[in-house]
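I have placed the structure first, in the form of structure tokens, so that the comments after it can refer back to it.
Quantities reported herein were computed from a predicted structural model and do not represent experimental measurements. Protein chains get the first letters and strands the later ones, always in sequence-line order, with residue 1 at the start of each.
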Amino acid sequence: MYKAQLVIYEEEHRLLTEVCEKLLRDSMARAIFLVDKVGQLVTSCGQTENIDTTSLASLVAGATAATGGLAELLGENEFPAHYHQGERDSLYIALVGTELILTVVFDNRSTEGLVRLRVKRAGRELDTIFSDMNEKAASTAATSSGLFAEITDEDIENLFSDTF
Amino acid sequence: MSFINYAQREIILKIVYYGPGLCGKTTNVKFIYAGTNPDARGKLISLETKQERTLFFDFLPLSLPKIRGFKTRLHLYTVPGQLFYSASRKLIMKGADGVIFVADSQRERYEANIISMEDLKENLDAYGMSLDSIPFVVQYNKRDLPNISPVEDLRELLNPGHKYPDFEAVAADRNGPGVFDTLKSVVKMILLELKKGGK
């Protein structure tokens with residue numbers, strides 16, 4: 001069987017973004033990124049314009065996967081959070097449920113302690129929204145496969161004509 | 001696991017290049033990067049050692065035109081081919097929508113191809129997948145070298161019964177024959193699979 005899809009709907013995307021925006025304010029962070037464990041960006045907010053968000057999402061997922069691998073080696077189930085300290089900006093990365101990764105970029109206007117505290121609460125809210133969304137996706141699976149059902153062979157052929 | 005974002009109107013597909021060390025996975029991705037319209041490609045990330053061997057993965061995001069109002073994005077990943085990076089390969093396979101196995105056609109890499117194929121099967125199995133449950137394409141690379149096995153032999157070894165699409169390629173050539181054909185083939189298979197609705 002082909003693996004299930006991760007589907008993000010507009011309503012839940014808005015709710016997830018709102019939680020991230022609140023976290024941004026409460027933690028006095030520079031930017032927040034919500035990424036899935038496969039390396040895809042779900043949403044972001046804050047000062048993201050000078051950051052290559054696609055690369056960031058992929059690398060955050062890679063780093064988190066490697067950290068999870070280390071945890072397993074040591075007999076831990078997971079390391080639920082990891083922290084990278086920089087001279088100017090730092091990164092706090094925390095797992096949300098089983099599929100999401102919350103990434104907070106902050107500078108010296110904030111502290112790791114404050115970020116960790118705020119992330120805890122935001123993480124619970126994000127997990128609830130995401131779980132609800134998965135239930136909705138499961139019950140409307142037919143709709144999302146309907147999106148692909150309309151795709152023709154010609155559509156697929158045209159995908160490549162201007163790109164390569 | 002394809003990713004459909006209704007808010008951003010985009011579909012993201014993850015494609016993984018697998019194969020033994022030095023078979024040309026990174027060379028495939030570098031050729032695709034060079035041959036893609038600059039507007040349609042993101043930054044190529046290579047996490048490699050000082051000796052330019054892949055340490056963790058290469059990553060290349062590509063944007064294809066819209067399909068039914070949705071932007072189609074491809075996320076290409078390579079795994080590190082060297083045997084001892086097995087743990088990393090498993091991590092990178094998470095959520096893959098399609099796999100391209102790059103075989104090294106050289107006779108002396110016969111054994112390495114077999115080992116890598118077995119390793120791929122094990123890593124797919126770890127995620128509850130198999131070669132038959134995921135879009136899968138084989139590429140016989142380095143067809144320009146003098147010491148290569150005939151395609152029939154490689155097919156018998158890696159793709160018995162010609163069950164999966166396969167392509168001959170020279171990823172290091174300036175024209176990269178077979179490189180884009182391989183990628184297009186797996187993308188088509190993924191979209192057709194999604195069209196079937198996962199049944």
Between T152(A) and K195(B), which heavy-atom pair has the shortest distance, and what is it? CA-NZ, 4.3 Å

Would you call I4(B) and I8(A) a side-chain contact if the rule is heavy atoms closer than 4.5 Å? no

Chain A heavy atoms under 4.5 Å from S88(B): which part of the residue, side chain, backbone, both or neither? neither

Chain B contact residues among residues 64-73 of chain A, heavy-atom distance under 4.5 Å: A65(A), A66(A)

Is chain B contacted by the side chain of E99(A), its backbone, both, or neither, given a heavy-atom distance below 4.5 Å? side chain

Region of I92(B) that comes under 4.5 Å of a non-hydrogen atom in chain A: neither

So, do V187(B) and I156(A) sit near enough that their side-chain heavy atoms are less than 4.5 Å apart? no

Below 4.5 Å from any heavy atom of chain A, which atoms of L60(B) appear? Answer side chain, backbone, both or neither. neither

Do the side chains of T54(A) and H75(B) get nearer than 4.5 Å, heavy atoms only? yes

Under 4.5 Å, heavy atom to heavy atom, which residues of residues 37-45 of chain A contact chain B? K37(A), V38(A), G39(A), Q40(A), L41(A), V42(A)

Please tell me if the side chains of L59(A) and F59(B) come closer than 4.5 Å, counting only heavy atoms from C-beta onward. no

Select one option (side chain, backbone, both, neither) describing which atoms of F180(B) are under 4.5 Å from chain A's heavy atoms. side chain

Which region of I45(B), side chain (C-beta onward) or backbone (N, CA, C, O), has a non-hydrogen atom less than 4.5 Å from a non-hydrogen atom of chain A, or is it both or neither? side chain

CG of D155(A) to CD1 of I67(B): how many Å apart, nearest 0.5 Å? 5.0 Å

